[in-house]
Amino acid sequence: MGDAQAHSARHERQKLLRQKSVGGDREVRWLDEASKSPAAQRIDMLLATVTSEKECEQLKREAFKMVYDSLGQELEGKDLERVVVVRNETAGFKSTIFFAIITLGLYLVFGGHDDDIILVLTRQGNVLQLKIDRPLCCPGTSGEVFASFVKYMGMLFVIVGLPNILFMLAMNITWQEEIAMLRAETNDFKDIPALIEKKLPFVICSLVLLSMWLYSLLPHGYMDEHRRRHMARECTTAQMCQWGHMFRRRSSLHLHFGKYPSQHVLDLQGSLGIGHAVGTVPPASLSSVSAGMTSSTLIVSLTVFLTCVTGIETAFSWTDRAIAMEDFAVMQTYCIEGSGPTKEKCNRDHCESYLVHGHDTVNPHFCNLVQVTDSETTCKQYNKSPPCCGGCAKGAFEGIYDEGTLGNIKTIISLCSDTGTILFALLAAKHAISISRATDQISVTISRRTKRSYKTMTANTALTAVMANDFAQTIMNQASKDRGIGHSFEAKEGDGNSWTGVRNFVMTDEFDTWKDFFNKDLTAVPDTRWTLRLEVPRKLLGIEQDEEVIAGWIEMPLLPPSISLMDIMMGKIWYLMLPFGKTRHAVVVTDRRLFYVRHRRPFLPIKCLGTDLRVDVFRHDHDVCYGKMVRHKLNTPQRFIHQVLLQEKFLPGTAVMQTRFGALQLSRNHGDIVGVYNVVMSLSRHAPEFITEQHLAENGVVPAACQAIVDHAFVRTSDKEGNLFTIRPQSDDTVQPQPTLHLASGSKEKMLFHLSVKNTTDIYSKCYSNLDIAITSARVFFWKRDCYKKFDCCALPCWCFVWLGFMNRINNPINLHNEMSFMTLPSILSFSTDASVVSPSWLVPHHMPLKWPCVEMLCAHLTRLAVRGDYDVKSRSQWVICPRRTGPSSHLLLLWRLKASAYAETEMYVAHEVKPFIFSGMPDADAQDIFDGIGYIAEDGAAVEELISAQAEDLETLRKIMCTVQDSCHRLLDEVDVLGGGIA
């Protein structure tokens, strides 16, 4: 039975191949099916308002014919979902005229062919690319011009010199004899015909080689063919760019599959200004535990190091060259004029005396080789007759290079420079090769024709650019899908009119092409342009009707703009000086994707100069497993302009979101970062009941006790669904903003547990940190913020000279480090607590190896007197003179290991430290010292035993909850294994 089925399948396959081999009939049938396919219908709809029906039909006919000729054996015409065919000219209009003149019209006959790009999307979700690159007849850039010039000059030298070299080898003639013969035959060039007749074999051979070389330079039909095939569902990033003036307009399309590309790859088409609001970052950079130096960081570090070393070496070289020439002249002068021919003057003592009294910069080692000589050759160098004073040449050479310790330093610097150059070149080449070998992308460049008439409609970029944009939108729409059930982000009242918020946008469908959008933008008044309210062009971005736009905002530039030295060296300083060429940054976030639009107007308000546009589309699928927000403060000039002069109030910072495709970083320099973080929080992976109270009870957790902790730690916002929770700040918290946890609306996500700990950091830091950990049935939230260390007489030297505590009133504590983050429970692989016990240190106040209770009691009273009731400082020390030893100190490390992205090189860790930590079995006196320390003042009437017990019980509850999470993860994996076994 099996053999019969195999024979039948083989017969059907051979029949299908015979049908495909019939050229004419199949081509007609294939083209007829293609003209009725969804691709043809889509072209009609896109070009209905752009071109005439006749040109549209011609474009479809040419495009389908090219697709059949190249890919007709691989797919059927009825399976075409989208088709884009682009034909780019090899040489421009000016280049064509130039080559036609210098070749006497031969270029018009043997002119080069155009490059072809074919993109096809099938109904099965396959993306096919066929790219045909034909060699250019002429270089396009200055680098290519120089390389071509060197190559052709080398070829010309070989053509002219090779026959002569072969003649010399055959006749056994040396170079000296050949040069002598050429000098003797110089007069023959006066009679060219006689010279040709005399050198007829050589002339014929050279003309043959020159003709063959010139013939090889004629444009030919050779080509490089690139074929790629991807699945549409694997597309993660799309980039669409437009740049150049209207006479040389260019467009490009880039589709990346599998993972987010690096920011260097995305910026190959130009960054359109200084800085960016959205960019990709390596997933390893999100880990709290250092994963080593990345290749990009290493390259930057080596570049800076190599630049410094090379600069020092160059300075030494040029300085030594000037000094050496001067010293060499002095040494030669001594043998000529500074000494006579007698032995009394030409000796070491006289030479050293000569140097000391007039030339003390010359190396005295020169005098070791000065001596009277009878050599006629040496004396003739100084126009003397023997005997004379000699040894100056050799002494000068050895004296210049005999520099002692300074010479060794120069040698080491030169060795570092040479070695660093080699290593940096190898590393940079490896990094460049890794980028060039990235084959998980499809790239299309569309160059506008310099002529008005088109031999083929596929060369009309006004039509192909529209089709390419629609092609990218279709693939991204098919690839992305919304995995979430509800969104937890809800805008506040009035947020839609606030320039600092993320909901200041309106939807519009009035633009059919980007040209229409540019025209409106060039003539709009400033209040309606992309400066405050964002107009989201739904059609141009390809946002579907069932795709919800969650947020949209404009990243306005700061004054003065932040610019680095590298930006100035790369010429980006011009972006600050252009009056009309400012770049506008806009970000649109939907429940499936993130759009980052950059738009730059031309230098002058002339429409023919064109505008630059870059749209980066990142797919997230409502599947964010880790998010983080970090506040940062503005520099002094920006703070003075915006906060003092303009009276603007906003909280800048950066937010990070990680999906299974990679990690994205969103910068909010001129607005509130907390709104961006709330958007990221709302896009987390939706698992509302990953753990339940029943699961917790099975692992020994008491839900009622946890609920009491939650009720004391949070304030529930009185909204209609009660899914907003605000953490009660501690008495020493001053940073802004304070977090509001947005639980998924309409879901069963519940708040389960809360834990608050502190970290005193090291003695050199002026801040300690507070950490709040909130656990829900779906996620874990962290709020980590800094607080200024309080004044204490025990730490008075540190407070005055290390922490500079008297500056705290000038530096507003609102701008201290403020970090919020979250991670989803299904992404947790493991949880561990690592406790370290170390000996006490003399640098840690309140916990030194040897303590005097009476001294600490005195410091406590002096502190109360100094602060004058601003806050109460308590101490349980007694007036005891006898010193006592202090027990060891400890700290606890809370470490979560997360599932990294499928394309991450290293695992991801989230670590938080509890320092100092009261471990079980610690003496009450030592625990009392810890609570009496800075930031650890106990409540009135609270026993130390109760505080120790409460902290230990909370940490044990945290461990049990994390065990429940890991059990749920393993249970989910078991279900997948069972399902896989059933399928097998």
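Along the sequence shown, residues are numbered consecutively beginning with 1. On a predicted model such as this, the values are computed, not experimentally measured, just so you know.
Listed by chain and residue number, Phe782 satisfy the ring-ring contact (aromatic ring centres under 6.0 Å, His included) test with His912 (two or more places apart in sequence, or in another chain). Val965 meets the side-chain contact (heavy atoms from CB on, under 4.5 Å) test with Phe690, Ile691, Leu825, Ile828, Met962, Cys969; sequence neighbours excluded.
Checked for salt-bridge contact, Arg592 and Glu548 miss the test: no charged N lies under 4.0 Å from a carboxylate O. Ionic pairing of Arg593 and Asp621 is not present here: no N-O contact between side-chain nitrogen and carboxylate oxygen is shorter than 4.0 angstrom. The pair Lys790-Asp732 fails the salt-bridge criterion, with no side-chain N (NZ, NE, NH1 or NH2) lying under 4.0 Å from an Asp/Glu carboxylate O. Salt bridge Asp772/Arg785: present, at least one basic N to carboxylate O contact under 4.0 Å. Under 4.0 Å is where a charged nitrogen must lie from a carboxylate oxygen, and between Glu749 and Arg779 at least one such pair does.
Ring geometry, Phe650 versus His642: the interplanar angle exceeds 60°, so the pair is classed perpendicular (tilted spans 30 to 60°). Tyr260 and Phe618 have perpendicular rings, their planes meeting at more than 60° on a 0 to 90° scale where under 30° would count as parallel.
What you find for Lys789 and Thr760 is that their closest heavy atoms are NZ-O, 3.3 Å.
When each of His620, Glu547, Glu544 is checked for a side-chain hydrogen bond (donor to acceptor under 3.5 Å, both in side chains) with Thr590, only Glu547 meets the rule.
Side-chain polar atoms of Asn759 and Lys915 form no donor-acceptor pair below 3.5 angstrom. Using a 3.5 Å distance cut-off with no hydrogens or angles, the side chains of Lys628 and Gln658 do not pair a donor with an acceptor.
Side-chain N or O atoms of Thr236 include one that pairs as donor or acceptor with a backbone N or O of Lys259 at under 3.5 Å. Using a distance-only test at 3.5 Å, with no hydrogens or angles considered, no donor-acceptor pair links the side chain of Thr583 to the main chain of Arg600.
Sorted by first and then second residue, the pairs that involve residues 549-563 and meet salt bridge (charged side-chain N to carboxylate O under 4.0 Å, His left out), not counting sequence neighbours, are Glu555-Arg668.
Ile673 CD1 to Thr654 OG1: the interatomic distance, rounded to the nearest 0.5 Å, is 6.0 Å. Here the CE-CH2 distance, from Met629 to Trp783, works out to 10.0 Å after rounding to the nearest 0.5 Å.
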*asked:* Apply salt bridge (Lys or Arg N to Asp or Glu O under 4.0 Å) to residues Arg631 and Asp672 and explain how you reach the verdict.
replied: CA-CA 10 Å; Arg631 268 285 319 277; Asp672 290 339; over 6 Å; no
*Determine, stepwise, if the pair Arg897 / Ser830 fulfils side-chain hydrogen bond (donor to acceptor under 3.5 Å, both in side chains).*
CA-CA 5 Å; Arg897 186 166 66 96; Ser830 64; 3.2 Å; yes
*Checking salt bridge (Lys or Arg N to Asp or Glu O under 4.0 Å) for the pair Asp616/Arg598: CA distance, chi angles, key distance, verdict?*
CA-CA 9 Å; Asp616 297 341; Arg598 271 177 277 189; 3.5 Å; yes
